[in-house]
Amino acid sequence: MTAAELSLGPVLFNWAPEVWRDFYFAIADEVAVDWVHLGEVVCSKRAPLLDKVWEPVVERLGAAGKRIVFDTPHLVVSPAERQALRALSARQDRMIEANDGGALALLGGRPHMIGPMVNCYNEGAMAWFAERGAVAICLPGELDSAAIATMAQAGRGLGVAVEVHAFGRVPLAISSRCNHARAHGLHKDGCQFVCGRDGDGLAVQTLDRQDFLAINGTQTLSHAVVCLLAELRDLVAAGVSRFRLSPQTIDMKAVVTLYRDVLDGRRDGVAARADLGRLVAGLPLANGFIHGREGLALVTA
Amino acid sequence: MGRFELICPAGTPAALRAAVDAGADSVYAGFRDDTNARNFPGLNFSRREMEQGIAYAHARHRQVFIAINTFAVAGNLAPWHRAIDDAAALGADAVIVADYAVLAYAARRYPDLRLHLSVQASASNPEAITMLREQFGIRRVVLPRVLDVSDVGRLCHEVDVETEVFVFGGMCPMAEGRCALSSYVTGHSPNRQGVCSPASHVRYETRDDGLVTRLGGFTINRFPRDEQAGYPTLCKGRFVVLEREQYLFEEPTSLNALALLPQLAEAGVTALKIEGRQRGRAYIEAVVRQHRDALDAFDRGETWSSPELDGLAEGGRETTGAYERRWR
């Protein structure tokens, strides 16, 4: 079972540059992930904030032997966003993950990855992506295990590594409207970067004060934390070769250790899930999508 | 600049005939299964009904587009392929498609079948659209509702395909085709099952403080007893953030962009689209006629208006939505 790899998804939240930098330094120095995704994928206004810490992080990760993937934004509309995408895509020396149709267009004809915000729902779409140079595809979060198994099998024939989101709040929607700014009574253009106050997203509750969703700038995520620890071994058996862990403000080193231990057969998945429940302190775990249920469900049997 | 083409929804044969009679240039409709993004009980067309609908429209020199715009299920692409086969055989004037697998199939099998890129494909920049023209020969793109009018204008000038934009009806505040909110709460999604916030998961509860609307066990909104309750579409609900009850994502409003006709004409938009395949015949008749009259007046250089649309808008309120930058 050692063939399966772990990837650390891009930090989705607006962490302060030095926090972002120190997080990746720690990943480089101490954490056993195979792939590290970098990039501000949610909001183009945030991207310049990372300018001064970007190169040191890339160097440190590279020196530690991590394979780095540069992720393109989820939504690309404005001239400035398109220009940034072209600049990122022009780097032939880098492995890039496409997160929208524009990136697909610019990366066609060279090896690249496909991110979970690009709709790959079936083997037909996968074949088209592979033909254009995709070498790995992180599937959309809402797929069930049957769809994943079908595509993992197709991926083997096409030479495409199939990856699934296995830990973290799962992205559910993206908008051109900034709901985070809106919640503070602000407009996107004058947002004061209020999203920086919420390292794991801003809590959205129902009128009954039931926990519901999380807001992260223009992105909406689940309140629950996806946990596929108990499903990992079945997914590996089905042909999934990579698992994505999405950074949150909790101890990610401990999260990675749990996933690695289960993949390597040192821990039982169900027992590890109980440990993860304690790590995420107070947040519910969920695995509903993979079981063909509503995403927030936690199927334990 | 040429006149706008008016694209109108039909969830039933009666609505299709009403739309044609009221002045639609083209009607869009779907088959009665999960190949289309308005897969609601009691809606949509059998193959025979589609054939008759196309005959009705063609006899009046109007067009019918068939929406095959969900994402095909892994391991079971046949229903989507069959929908394309049947659309071609029935003489559809275009198919509206979102899935790359379905686009590839249609382009390979039916090179003469006109392909329109669904809004569900979320192609928000010229790079994506040009790629899909080169790869699949798409002739038109329905633009995602994340663009403002200046974005629409820039895009129209950079792509070699026609553009179609929504001007009226329900409006997703999220990028379409990339939203799993409904799926997270109910297990049913627009992309896979062609439904959002499905009625099967809706409950109405009378409480001391009024009527509560719920979706999949979550309260979406609460209404005083004397107020009519809106349907609990997840993104149009009221939630608590920062201790404040608010319509976080979007108010229960309808898009109405008719005020922006000059800007849309200047941008070079080909076609204007009305949302609402789930709507009844009478609604379709009224909304289509209002739009026909407004567009005809606009073509003549006269002032146009749509005052009577007020009563038809969702929640009685209207917005120009993402077309104006202030919406963001």
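The figures that follow rest on heavy atoms only: side chains count, while hydrogens, waters and symmetry mates do not. Owing to the predicted nature of the structure, the values given are computational and were not obtained by experimental measurement. Letters A, B, ... mirror the listed sequences (proteins, then strands); counts begin at 1.
Not counting sequence neighbours, the partners of B:Glu324 by the salt bridge (charged side-chain N to carboxylate O under 4.0 Å, His left out) test are B:Arg326.
Comparing A:Ala127, A:Pro79, A:Ala146 by how many heavy-atom pairs each has under 4.5 Å with chain B, the most go to A:Pro79. Note: A:Trp128 leads A:Trp128, A:Phe289, A:Phe129 in heavy-atom pairs under 4.5 Å with chain B.
With a threshold of 4.5 angstrom between heavy atoms, B:Arg325 approaches chain A through its backbone and through its side chain. Heavy atoms closer than 4.5 Å to chain B are found nowhere in A:Ile148, neither backbone nor side chain. Of the atoms belonging to B:Leu215, not a single heavy atom falls under 4.5 Å from chain A. Both the backbone and the side chain of B:Ser183 come within less than 4.5 Å of a heavy atom of chain A. Using a 4.5 Å cut-off between heavy atoms, B:Leu77 contacts chain A through its side chain alone, with no backbone atom that close. Within the 4.5 angstrom heavy-atom criterion, only backbone atoms of B:Val73 (N, CA, C, O) approach chain A.
Contacts between residues 103-113 of chain A and chain B, defined by a heavy-atom separation under 4.5 Å, are made by A:Leu104, A:Ala105, A:Leu106. Listed by sequence position, A:Leu202, A:Ala203, A:Val204 are the residues of residues 193-204 of chain A in contact with chain B, using a 4.5 angstrom heavy-atom cutoff. Proximity to chain A among residues 120-130 of chain B is limited to B:Gln120, B:Ser124, B:Asn125, B:Pro126, B:Glu127, B:Ala128, judged by heavy-atom separations below 4.5 angstrom.
A salt bridge links B:Asp151 and B:Arg154; the closest N-O separation between the charged side-chain nitrogens and carboxylate oxygens is under 4.0 Å. In summary, A:Arg82 and B:Glu158 engage in a salt bridge, as defined by a charged side-chain N under 4.0 Å from a carboxylate O.
If you check the side chains of B:Asp33 and B:Thr35, you find a donor sitting under 3.5 Å from an acceptor. Between the side chains of A:Gln153 and A:Arg156, not a single donor N or O lies within less than 3.5 Å of an accepting N or O. In the model, B:Ser150 has a side-chain atom that pairs as donor or acceptor with a side-chain atom of B:Asp148 under 3.5 Å. In the model, A:Arg169 has a side-chain atom that pairs as donor or acceptor with a side-chain atom of A:His223 under 3.5 Å. Between the side chains of A:Tyr121 and B:Asn191, at least one donor-acceptor pair of N or O atoms lies under 3.5 Å.
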One pair to check against salt bridge (Lys or Arg N to Asp or Glu O under 4.0 Å): B:Arg145 and B:Glu275. What are the steps and the verdict?
CA-CA 12 Å; B:Arg145 284 166 275 194; B:Glu275 182 277 344; over 6 Å; no
Apply side-chain contact (heavy atoms from CB on, under 4.5 Å) to residues B:Trp327 and B:Met171 and explain how you reach the verdict.
CA-CA 12 Å; B:Trp327 182 83; B:Met171 195 195 74; 3.8 Å; yes
Stepwise, does the salt bridge (Lys or Arg N to Asp or Glu O under 4.0 Å) test hold for B:Glu134 with A:Arg132?
CA-CA 13 Å; B:Glu134 291 170 356; A:Arg132 294 179 53 79; over 6 Å; no
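Between B:Asn221 and the choices B:Arg214, B:Arg238, B:Glu245, the side chain to side chain donor-acceptor pair (under 3.5 Å) rule is met once, by B:Arg238.
For the pair A:Arg91 and A:Phe70, the cation-pi test (distance below 6.0 Å, angle within 45°) is failed.
In this pair, B:Tyr105 and B:His81 present their aromatic rings parallel. The plane angle is below 30°, not in the 30 to 60° band.
Looking at heavy atoms from C-beta onward, A:Phe212 lies in side-chain contact with B:Phe239 at the 4.5 angstrom threshold.
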